[in-house]
Amino acid sequence: MREFFIENDGIRLHAKLDMPKGWQDGKKCPLLILIHGFTGHMEERHIVAAAETANDVGFAVLRAEMYGHGKSDGKFEEHTLYKWVTDALAVVDYAKTLDFVSSLYFSGHSQGGLLAMLIGGMRADDLKALIPLSPAWMIPDGARQGCLLGMPFDPRHIPDQIVAGDLRLNGNYVRVAQTIHVEDEIERYPGPVLIVQGDADEAVPLSYAKRAAELYADAKLVIVPGDTHCFDRHLECMTEAVREFLCTVEGIPE
Ligand code: FER
């Protein structure tokens, strides 16, 4: 494992690169970029499980923490989806400089899954496949309708702060989210997509995953019966879906 920082405009993004078992210098392999969700970080159980699964089937995995999360720079309450988008673009740029990479895949959980959908459209030429896990596609709708984190607000007169329990979001988070139209980026991504979500997800409505799977040119939706937003109950169903998809797309015998 290599631990380091990727820089984006003076902001240091904490990253870890794990090579697959048996990898030797000079050999090539595919690389999966993997991003956590809102309030999340790279050591969460479901993130580590997805990373280990990819490593297991011969992928290198680059986990990176976005602005205001984990050990990266920036304050949580000042993060916005634009900052995450430019961070993720910097991570893709970095990944493209790695000599061993044969192809790039992008996965993220929840807000990181929404990010995967956006970056997929923006970097369609660079990304062989996308894996949005419980993608939080409803955030832009919530921002436009005036409800985020369960807190109602006037979407035409955005407050300086949204406060929900211990969580504090800047009004700019909402302003930015209101401008984001994920359908446009879905349309721009022609490659294979795997969406995995539990049907007992308490944070993101499953209807968004179903709609995304219909709109993508080549998507598979795996619904995990009885599972939560972070796959607390049937983690192995999520990792099995990821394993099978990576092997199929990459042509690896399972
Ligand atoms: C929300 C519901 C879920 C929200 C964000 C999320 C900012 C993100 C969840 C995650 O990334 O795990 O209302 O508003």
Side-chain angles (χ1 to χ4, degrees), residues 13 33-51 63-70 72 74-85 87-88 91 106-120 130-155 158-182 185 195-212 224 227-233 235 238 242:
L13 305 172
I33 296 169
L34 179 57
I35 310 292
H36 58 83
F38 182 89
T39 72
H41 57 82
M42 64 165 73
E43 307 299 348
E44 289 175 289
R45 178 174 171 263
H46 55 290
I47 299 297
V48 170
R63 284 175 292 159
E65 290 169 334
M66 302 288 93
Y67 188 103
H69 285 69
S72 290
K75 291 195 186 114
F76 171 80
E77 58 270 27
E78 287 173 12
H79 93 278
T80 69
L81 288 168
Y82 285 171
K83 287 179 180 171
W84 274 38
V85 163
D87 287 350
V91 172
F106 199 111
S107 178
H109 174 254
S110 198
Q111 183 164 288
L114 166 65
L115 186 66
M117 294 167 77
L118 297 174
I119 299 298
L130 304 179
I131 311 180
L133 304 169
S134 315
W137 174 12
M138 78 301 168
I139 291 175
D141 284 346
R144 286 187 283 269
Q145 288 158 9
C147 187
L148 286 174
L149 303 171
M151 305 306 290
F153 56 87
D154 181 347
I158 296 163
D160 290 338
Q161 285 198 328
I162 307 273
V163 182
D166 293 342
L167 289 181
R168 206 169 282 274
L169 276 177
N170 191 305
N172 290 341
Y173 178 94
V174 183
R175 293 183 183 94
V176 164
Q178 285 184 341
T179 71
I180 288 177
H181 296 276
V182 185
E185 304 317 312
I195 302 169
V196 189
Q197 189 169 350
D199 70 3
D201 190 319
E202 68 288 6
V204 174
L206 188 60
S207 54
Y208 280 91
K210 290 181 175 165
R211 177 137 176 77
V224 183
D227 215 352
T228 59
H229 187 55
C230 294
F231 307 100
D232 299 308
R233 297 186 189 133
L235 190 63
M238 182 273 278
V242 168

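First listed ligand is number 1; within each ligand, the first listed atom is number 1.
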_Any heavy-atom pair between the side chains of Met66 and His36 that's under 4.5 Å?_
yes
Inventory of protein N or O atoms under 3.5 Å from ligand 1 N or O:
{"unit_1": "ligand 1", "atom_1": "11 (O)", "unit_2": "Phe38", "atom_2": "N", "d": "2.8"}
{"unit_1": "ligand 1", "atom_1": "11 (O)", "unit_2": "Ser110", "atom_2": "OG", "d": "2.7"}
{"unit_1": "ligand 1", "atom_1": "11 (O)", "unit_2": "Gln111", "atom_2": "N", "d": "2.9"}
{"unit_1": "ligand 1", "atom_1": "12 (O)", "unit_2": "Ser110", "atom_2": "OG", "d": "2.7"}
{"unit_1": "ligand 1", "atom_1": "12 (O)", "unit_2": "His229", "atom_2": "NE2", "d": "3.0"}
{"unit_1": "ligand 1", "atom_1": "13 (O)", "unit_2": "Leu149", "atom_2": "N", "d": "2.7"}

Could you tabulate the donor-acceptor pairs under 3.5 Å formed by side-chain atoms of residues 158-168, not counting sequence neighbours?
{"unit_1": "Gln161", "atom_1": "OE1", "unit_2": "Arg168", "atom_2": "NH1", "d": "3.0"}

*Sorted by first residue and then second, give each salt bridge (charged side-chain N to carboxylate O under 4.0 Å, His left out) pair with at least one member in residues 144-153; sequence neighbours left out.*
Asp141-Arg144
_Non-hydrogen side-chain atoms of Leu81 and Gln111 separated by less than 4.5 Å_ = yes
*Can you tell if the side chain of Leu130 reaches within under 4.5 Å of the side chain of Met117, non-hydrogen atoms only?*
no
_Quick test of your reading: applying salt bridge (charged side-chain N to carboxylate O under 4.0 Å, His left out), list the pairs with at least one residue in residues 33-45, sequence neighbours left out, ordered by first then second residue._
Lys16-Glu43, Glu43-Arg63
